[in-house]
Number of protein chains: 2
Amino acid sequence: MGVSLKDVALRAGVSVKTVSNVVNHYPHVTPATRARVQHAIDELGYRPNLMARHLRKGRTGIIALAVPELGNPYFAEVAGAVIDAAARHEQTVLLDHTAGLREKEALVSQGFRAHVIDGLILSPIQLESEDLLARTAGPPMVLLGEREYDAPYDHIAIDNVAAARAAVRHLLDLGRSRIAFLGAREESARQPAHLRLSGWRQEIAASGGLARDALVAATDGFDRRDGAVAMAALLDRGERPDAVFAYNDLVALGAMRVLSERGLRVPEDIAVVGFDDVEEGRYAAVSLTTVAPDKHAIARLAVDCLLERIGAAGADPAPPPRRIRPGHRLVIRESTAGRPSRPRPPPGSWSGPGPGPG
Amino acid sequence: MGVSLKDVALRAGVSVKTVSNVVNHYPHVTPATRARVQHAIDELGYRPNLMARHLRKGRTGIIALAVPELGNPYFAEVAGAVIDAAARHEQTVLLDHTAGLREKEALVSQGFRAHVIDGLILSPIQLESEDLLARTAGPPMVLLGEREYDAPYDHIAIDNVAAARAAVRHLLDLGRSRIAFLGAREESARQPAHLRLSGWRQEIAASGGLARDALVAATDGFDRRDGAVAMAALLDRGERPDAVFAYNDLVALGAMRVLSERGLRVPEDIAVVGFDDVEEGRYAAVSLTTVAPDKHAIARLAVDCLLERIGAAGADPAPPPRRIRPGHRLVIRESTAGRPSRPRPPPGSWSGPGPGPG
DNA sequence: ATGAAAGCGCTAACAC
DNA sequence: GTGTTAGCGCTTTCAT
């Protein structure tokens with residue numbers, strides 16, 4: 001490290017400006033000069049110092065992405081997609097995770113690490129509107145995910161209510177009538193799962209059924225353990241659902257594990273639908289029916305949207321906040337449809353299917 | 001944005017240097033001045049411009065982490081741990097993924113995005129020693145993971161051979177004799193799974209058994225699909241293993257899915273051991289026995305090691321490359337040990353366990 | 001088409 | 001204890 005424009009200029013016998021022109025593809029440079037400069041660059045192995053360049057230009061080429069938890073495959077998959085989308089614009093992604101803590105989310109949304117980043121994509125869980133309103137300065141920001149806010153920020157999220165309704169509709173169409181919801185925290189419009197719970201309620205009501213609160217199970221967080229605990233709690237208090245709609249795939253998978261432990265069959269005894277379409281659900285012993293948000297669209301839209309904001313920074317009046325809804329679809333798998341057919345017999349002299357779990 | 005040291009100095013009626021002193025906790029400042037400056041800082045909402053600071057200091061406070069695939073929960077979990085470990089040193093992590101492509105790995109290992117980062121943690125899959133040797137400049141780098149190189153870089157990795165042998169030992173102790181290996185690509189010391197395959201071979205040989213090549217199944221990559229395809233291929237060519245040791249948990253989970261489809265019971269018909277201890281394995285319908293690397297130790301050691309290198313940059317002679325082996329342990333779960341006991345009966349009038357898959 | 005010089009925001013030397 | 005100044009590597013007027 002340490003080869004600067006000046007070194008190259010010295011070597012090529014030109015001025016710094018000329019080298020800069022070559023590096024930045026400034027059109028009006030004699031081919032001869034360009035060649036000489038390029039030669040010097042190659043010889044010295046010159047690489048522009050982005051730090052300095054961006055100090056000058058006021059942009060860093062780095063955008064931050066803050067997700068609750070990288071251990072959640074949904075966010076890991078989205079993060080991967082964001083990195084790819086950003087790379088297509090020659091932007092680098094700086095990753096943070098908030099553990100879903102309101103305090104950390106607020107910290108990130110405020111100018112934490114501003115100056116290093118051109119913009120921020122934040123996927124909040126616990127953050128409240130007032131935290132967002134308290135944000136006075138900081139780089140452009142776009143929001144990702146289910147939480148809704150009364151704050152002037154672009155927001156990328158699928159239509160969670162419609163998606164939840166489609167999931168519940170599917171269960172109703174299967175003839176299920178006692179559909180539990182796993183993952184609600186409390187009876188409040190401020191809770192993270194608000195929209196999906198609301199979709200559950202609406203669709204059951206629309207079908208003429210009764211959305212019993214007793215069939216709603218709270219979770220502390222949204223991972224497999226939470227799903228397992230909530231499912232066990234529901235069963236232990238004597239509820240007998242014939243279907244489960246979970247806040248996300250992780251909760252659904254945790255629930256399915258408990259069902260299997262208790263000798264309940266999926267989907268025969270209880271059908272299960274998740275949300276997120278994480279890879280894992282496709283390969284579960286009983287593959288998981290789920291709502292699949294278009295993750296690549298989400299990532300692309302978030303990056304495009306953010307870069308647009310960054311480009312328009314300082315514009316007056318600022319463009320109004322947008323509400324962008326990427327697509328989603330319901331992916332039906334074995335956890336609601338069952339195994340399509342008899343498994344083909346194993347090769348050789350294998351014994352047939354065993355007597356089941358236990 | 002746009003409040004600079006100068007603005008604060010003007011406001012507080014002091015010089016830039018004094019403000020800088022306050023910001024950097026320089027000890028010799030009068031409490032009175034400090035208070036006045038701090039007041040001005042708060043009023044103006046001043047945040048230091050890291051870009052400029054680091055241009056000056058020659059360090060950015062950003063380290064890069066390049067993993068093959070964020071969609072692989074192992075790497076996602078490690079990435080999360082690295083972010084946390086870095087945060088404890090007030091370092092930020094810039095994330096890249098290489099898709100396990102040699103070309104991208106080489107690009108990252110060379111000075112791609114140098115100048116922005118102080119150092120690089122790289123987890124290679126396909127990279128070869130010659131690529132590493134070709135690296136002429138660039139920030140300090142430490143390597144992560146199973147691949148071994150003849151290149152002067154610190155390398156953090158558990159003892160893969162010993163870990164693999166422990167896994168195979170466990171299967172042998174269970175009385176299994178036809179133990180397949182899933183995930184080897186070819187018969188070469190250069191292939192990614194080399195060490196684990198070697199452990200498999202050694203332990204079987206040590207037990208007096210025969211490590212048949214026919215029981216080794218190749219995979220293209222290392223995810224669930226690859227595991228499923230490899231398992232199916234192995235069965236389809238008439239092999240009848242009574243145990244499977246997979247390159248990693250994802251491959252193992254994919255294999256288990258195929259076993260379930262074909263009516264083969266785990267562990268009764270085939271015991272399965274994975275590698276990585278991803279969260280998912282704990283909640284699989286049949287929970288997965290696995291080799292658990294100490295991910296937090298890995299992350300911490302990688303960050304510490306890198307920061308040490310960064311601190312010692314330019315030292316002559318450079319400290320010799322280190323080979324650091326974090327701990328690992330075998331976690332025994334149902335895929336080899338079976339369900340510990342009869343599932344407790346479900347509440348109410350539920351029917352008992354069904355007739356099994358299919 | 002190219003060169004000279006200023007300055008982005010900051011810290012390190014060196015005054016006072 | 002605090003102020004002055006130079007310069008990190010780059011881009012950008014403004015000259016030539």
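So you know, we letter chains A, B, ... as the sequences are listed, proteins then strands, and number each from 1.
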Determine: side-chain N/O of [X] to OP1/OP2 of [N], distance under 4.0 Å, yes or no.
X	N	value
Thr33(A)	dA1(C)	no
Thr30(B)	dT2(D)	yes
Asn24(A)	dT11(D)	yes
Thr18(A)	dA1(C)	no

Sugar-phosphate only, base, or nothing, as touched by Val16(B) at under 4.0 Å among non-hydrogen atoms: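 Touches nothing.
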Touch class at under 4.0 angstrom, heavy-atom based, for Arg53(B) against every strand present: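 Sugar-phosphate contact only.
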From [options], nucleotide with atom closest to [X] side chain:
X	options	result
Val29(B)	dC10(D), dT2(D), dT2(C)	dT2(D)
Ser15(B)	dT4(D), dT11(C), dC10(C)	dT4(D)
Leu55(A)	dT13(D), dT4(D), dG9(C)	dG9(C)
Ser4(B)	dC10(D), dA13(C), dG9(C)	dG9(C)
Leu5(A)	dC10(D), dT2(C), dG9(C)	dC10(D)
Arg56(B)	dC8(D), dT2(C), dC8(C)	dC8(D)

Most 5' of Ala52(B) and Ser20(A) on DNA chain D, judged by nearest nucleotide: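 Going by which nucleotide is closer to the 5' end, it is Ala52(B).
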Can you check whether [Y]'s main-chain N or O pairs, donor with acceptor, with [X]'s side chain at less than 3.5 Å?
X	Y	value
Arg34(B)	His25(B)	no
Glu105(B)	Thr98(B)	no
Lys295(B)	Tyr74(B)	no
Tyr149(B)	Leu127(B)	yes
Thr60(A)	His54(A)	no
Arg300(B)	Ala81(B)	no

Could you tell me how far apart [X] ([atom1]) and [N] ([atom2]) are, to the nearest whole angstrom?
X	N	atom1	atom2	value
Lys17(B)	dG9(C)	NZ	C1'	15 Å
Asn21(B)	dC10(C)	CG	C1'	12 Å
Asn49(B)	dC10(D)	CG	C1'	14 Å
Arg36(A)	dA1(C)	CZ	C1'	12 Å
Lys6(A)	dA4(C)	NZ	P	13 Å
Met51(A)	dC8(D)	CE	C1'	12 Å
Lys57(A)	dC8(C)	NZ	P	17 Å
His54(B)	dG9(C)	NE2	C1'	12 Å

End axis versus end axis in the helix from dA1(C)-dT16(D) to dC16(C)-dG1(D), the angle rounded to 10°, five pairs used at each terminus: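 Computed angle between terminal axes is 40°.
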Minimum heavy-atom distance between Pro326(A) and Ala297(A), given as atom pair plus value: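 Looks like CB-CB, 4.3 Å.
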Residue Asp42(B) excluded, over 12 heavy atoms near CG under 6.0 Å: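 Buried by this count: over 12 neighbours within 6.0 Å.
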